[in-house]
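Chain A is the first sequence line, chain B the second, and so forth, proteins listed ahead of strands; every chain is numbered from 1.
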Amino acid sequence: LVSCFTVGQHNGLQHLRCDLHRLDEGPSVQTVLTREDGLRYYRTMQTMRRMELKADQLYKQKIIRGFCHLYDGQEACAVGIEAGISPTDHLITAYRSHGYTYTRGVSVKEIMAELTGRSGGVAKGKGGSMHMYAKNFYGGNGIVGAQVPLGAGVALACQYQGKNEVCVTLYGDGAANQGQIFESFNMAALWKLPCIFICENNKYGMGTSVERASASTDYYKRGDYIPGLRVDGMDVLSVREATRFAADYCRSGKGPILMELQTYRYHGHSMSDPGVSYRTREEIQEIRSKSDPITMLKDCMISRNMASLEEIKDIDATVRKEIEEAAQFATSDPEPPLEDLCKHIFYNDAPLEVRGTHPWMRLKSIS
Amino acid sequence: MFYIRVTVRDALNQAMDEELERDERVFLLGEEVAQYDGAYKVSRGLWKKYGDKRIIDTPITEMGFAGIAVGAAMAGLRPICEFMTFNFSMQAIDQVINSAAKTYYMSAGRQSVPIVFRGPNGASAGVAAQHSQCFAAWYGHCPGLKVVSPWSAEDARGLLKSAIRDDNPVVFLENELMYGVPFEMSEESQSKDFLIPIGKAKIERQGNHITVVSHSRMVSLCLDAAAVLAKEGIECEVINMRTIRPLDAEAIETSVMKTNHLITVEGGWPQFGVGGEILARIMEGPAFNYLDAPAVRVTGVDIPMPYAKILEDNSVPQIKDIIFSVKKTLNA
């Protein structure tokens, strides 16, 4: 087995090529994939995939309720981005966030238990699918587009504190038309904030295709004066290289940059959406068979003799087991105690009386 | 006794200056706060002293810069986000409520948001309907926020310092017409660590006949009304709420249990307002049995604010309205 190989233009692959906007140079068209990295990316993506599919199952069993926006198909984005930045960098995204919650360091167990609303969840069951947080990960945000000014604000804090950190701020093709995003672009560019704006274009904002929502679907150009690149979001190495490039750009003090990742979601917008009224099953199947990010990485590694089919199968089995155990935990862990109802209103504050459903119900909030 | 006269504006300015000096994570952003010295000159001199990094002029994009301020607070800074008036905060209200107020709870304590949103609130003079709304009730409605409404220069100083040092989102409702009003301030209040606790009301004037509860500029009118009424032998106990949320119901109840009569006075609209909340709490609490007459609210008129002076003057409570309501309540 080889320990690394170079992926790039000279191999005849179209990978790693980006479309550029206001940039003379783009990310490197070649990169080296090591066996260690390859296996890690594979395992991470596979874990995310199986986690989301398990969530689908649990939702249909009514063990997960409310909103559940699944990320399967888009794994290369989260994994590639994380590979291009450091844990000391910052990241914020919208509601299709389970994948990022994982890549930012939260265990599958804690994610699933949050989805099932149990006390072992990363937000103790109080947040749910869209409100999971971790160090340098600011959620999980439910209001479309609101996370973008927040991300620019995190970038401002990075600049202010002078630690050479950047903030990756994600949004979707649907959110891309939000006014507050353009407000964020303006201030980020004006103040040269170290913010990597990333549009995950999965072609549909809920049930509305990009052509029906946006007068311009060149999302990587929508930052206007902000340089942009459009990247194949189904290829983890392309995403990684583009992210490295973007992070270098920001860290050098040049200001914000915008990346469009062209990607695809297999599920509908959420578990309430079958996802086939506005697109064909053929389209979904075509992507699955030709552009699946996990399959592509696997085939790449096997064909270059970097990994054997057996060890890939071993990884799959290990992942399956991990997900099963996490699901077990998520279904058996108790719900948060009623005493938690009023906790966490304020931080670092004296206990506060909270009104219950009637005047005789006097509850207490503790920090 | 040592007293100096300080305007509300200068008290706010000094409070921000001292807190900027004390903690380098504190910074101010908003429209015209830096090079213009503040639309109402509240931040005068701060940019000259602290520079571009700490005092930031923003474009006219409330939703964007309020969100940026919240994000900065999440990532370790302590922003003061100024809205030129709270009318413009409506553009950004999603960031105040959904991004700031609710986050500590949703994250089960993982993510705190130490931010202050401040600016003038309520009616001014001649600025008409879109620039005169009072937001005390709107923000006071939301768990996860603290909402403060100072009246005097001492309130402004002590409460703003507390708000900036608070690790939670605080909505700080100032009043443009109060900015230029001077108040006597004690030597004690000039200390750099002079703090007024959020959530505690103050009795500005003691009295035995009726409790008059108010906040912000209306406290001045209540005290003026009380002076007139005193000549007729009616002694009002005037309570300055200082904080809208958490509301100091106990202070009001204690007073009502002494005076047996209550009116509330606010500049905002009547329906679903601050006075409505106070009356409901009195109904539900121990003070109800002590009331000798129904408690009533004195409020702004239930209309968008008109422009013509005679109309505007009659759209907000006047001293005569307070006097009338006190007498009606006492004779009822």
Side-chain angles (χ1 to χ4, degrees), chain A residues 90 92 121-128 130-136 138-143 146-158 160-161 167 169 179-188 190-191 193 336 340 343-349 352-354 358-360 365 367, chain B residues 24-25 27 29 52-54 56 58-77 79 91-92 94-95 97-114 143-146 166-169 197-199 246 249-250 280-281 283-285:
Chain A
H90 307 255
I92 188 170
V122 65
K124 304 193 168 106
K126 294 178 90 172
M130 303 184 292
H131 308 297
M132 304 197 223
Y133 300 79
K135 186 169 197 306
N136 297 346
Y138 305 86
N141 288 274
I143 306 296
Q147 77 279 8
V148 178
L150 294 181
V154 173
L156 185 140
C158 290
Y160 190 107
Q161 290 165 330
C167 182
T169 301
Q180 59 186 318
I181 291 186
F182 294 94
E183 294 185 15
S184 304
F185 287 164
N186 182 47
M187 285 180 274
L190 207 53
W191 302 330
L193 302 180
D340 274 10
K343 277 189 193 162
H344 311 117
I345 298 284
F346 292 131
Y347 173 52
N348 208 15
D349 230 44
L352 183 73
E353 202 178 88
V354 173
H358 52 68
W360 297 275
S365 177
S367 288
Chain B
E24 62 183 19
R25 299 169 299 173
F27 72 99
L29 87 169
D52 287 333
K53 180 178 174 181
R54 312 282 305 280
I56 304 176
T58 63
I60 309 172
T61 51
E62 275 76 3
M63 198 169 185
F65 72 70
I68 282 179
V70 175
M74 289 179 174
L77 299 184
Q91 307 240 303
D94 176 66
Q95 296 290 1
I97 307 301
N98 280 322
S99 301
K102 296 178 184 173
T103 293
Y104 192 68
Y105 187 88
M106 291 192 296
S107 68
R110 251 183 218 265
Q111 180 65 68
S112 62
V113 187
L145 281 184
K146 297 188 185 183
D166 201 303
D167 291 328
N168 299 286
I198 293 176
E250 205 187 310
R281 297 244 195 148
M283 285 280 275
E284 291 178 346

Which answer fits [X], side chain, backbone, both or neither, if we ask what part of it has an atom under 4.5 Å from a heavy atom of chain B?
X: A:Lys124; result: both
X: A:Leu352; result: side chain
X: A:Trp360; result: neither
X: A:Asp349; result: side chain
X: A:Glu353; result: neither
X: A:Leu190; result: side chain
X: A:Val122; result: both

Legend entry - Min side-chain heavy-atom separation B:Phe65-A:Glu183 under 4.5 Å: no
Legend entry - Non-hydrogen side-chain atoms of B:Leu77 and A:Leu156 separated by less than 4.5 Å: yes
Legend entry - Non-hydrogen atoms of B:Gly144 and A:Ile345 that approach each other most closely: N-CG2, 3.8 Å
Legend entry - Closest non-hydrogen atom pair, A:Ala134 against B:Arg110: CA-NH1, 4.4 Å
Legend entry - chain A contacts, top residue of B:Pro114, B:Gly76, B:Ala72, B:Pro169 (heavy-atom pairs, under 4.5 Å): B:Ala72
Legend entry - Most contacts with chain A, counted as non-hydrogen pairs under 4.5 angstrom, among B:Glu24, B:Lys102, B:Gln111, B:Gln95: B:Gln95
Legend entry - Partner residues of B:Asp167 under the side-chain hydrogen bond (donor to acceptor under 3.5 Å, both in side chains) criterion, sequence neighbours left out: A:Asn348, B:Arg78
Legend entry - Parallel, tilted or perpendicular, as decided by the 30° and 60° cut-offs, for the rings of A:Tyr160 and B:Phe27: tilted
Inset, instruction - Output all residues satisfying side chain to side chain contact (heavy atoms under 4.5 Å, CB included) with A:His131, sequence neighbours left out; order by chain, then residue number. - result: A:Tyr133, B:Met106
